[in-house]
Amino acid sequence: MTRTAENTKTARRVVQTLPGMPTEDGAGVKLTRMIGTPQLPDLDPLLMLDVIRSDDPKGYIAGFPEHPHRGFETVSYMIKGSMQHRDSHGGKGLISDGGVQWMTAGRGVVHSEMPAQNDGALFGFQLWINLPAAEKMRDPWYRDIAATAIPDVPLEDGATARLIAGRWNGVEGPAPARATAPFIADVTIPAYGKQTIPLPDGHNAFAFVFQGSAQFGPEGEGTRVKDGEIAVLSADGALSVSAQAAGARFLVVAGKPLREPIAKYGPFVMNTAAEINAAISDYRAGRF
Ligand code: MN
């Protein structure tokens, strides 16, 4: 067959497009859950993606008061606005306007995540990434990554990309090295622009569009994904994207599947029900 056929075979396609599920979490924060819903329970090793996007402080002011986590990592990325974090190990930090917090809960963290503003727009993401069984009880760890520490990937044709995790065009993101090899990029493509995003074969991936719209997939056979939609991608090859008239801005996230059993209960993600019960009793006994 021709090279074109071969390339088409290895290029990622959109398997499913979803609008997400409006819900509330924390003390009453309105958010849209994109992963971690009945329609899309997880995308191994990506367990959850929440989007907070509100111009009205009533939607976010209650925040996420003290709560625990065990067994996975949370990556919080603020597009606009500020959130303050405090934890049971004495850590605290502020993420704002383009900054990231990478928190590895390991055997247990109790923390709060509260808006550091009383009005104005707040727009951010929280992604949950699983830890392999062997690392679920590791020491907790976190790092605040300022917006200025997130590199731009050199791209042609007016496109820009901020690389939070993974490698692209010789640039490496500031995220910690992990067994799940996460790739996280915030990509902007101008009107009618095209880009190809390299993603490791076999790693599960999605794109979440939060401005404009674009066709994702091989040229001429792509699927249109618009503002507010998540596109679940097939597992192999690079991702081709063509922005439509308004341009497009989107997150692209990929991770190496762990293929281990998942036992999820609220803020605890372990491998077995017995480990969930242990997490609940350890938390109640103040052992986090
Ligand atoms: Mn939390």
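Numbers here are sequence positions counted from 1. Counting starts at 1 for both ligands and their atoms, following the listed order.
In this structure, R249 fails the cation-pi test against F210, since its NZ or CZ atom is not both closer than 6.0 Å to the six-membered ring centre and inside 45 degrees of the ring normal.
With E73 as the fixed residue, the salt bridge (Lys or Arg N to Asp or Glu O under 4.0 Å) test singles out one of R138, R178, R143: R178. The only member of D144, T74, L127, V75 that meets side chain to side chain contact (heavy atoms under 4.5 Å, CB included) when paired with W102 is V75.
Around the Mn ion (ligand 1), protein N, O or S atoms at less than 2.8 Å comprise H67 NE2, H69 NE2, H111 NE2, E113 OE1.
Ion pairing of D282 with R107 is absent here, as no side-chain N (NZ or NE/NH1/NH2) approaches a carboxylate O to less than 4.0 Å.
Listed by first and then second residue, the side chain to side chain donor-acceptor pair (under 3.5 Å) pairs that reach into residues 110-126 are Y60-Q117, H67-H111, H67-E113, H69-H111, S76-Q126, H111-E113, E113-Q126, Q126-W128, sequence neighbours excluded.
Counting only N and O atoms by type, the side chains of D186 and Y77 include a donor and acceptor under 3.5 Å apart.
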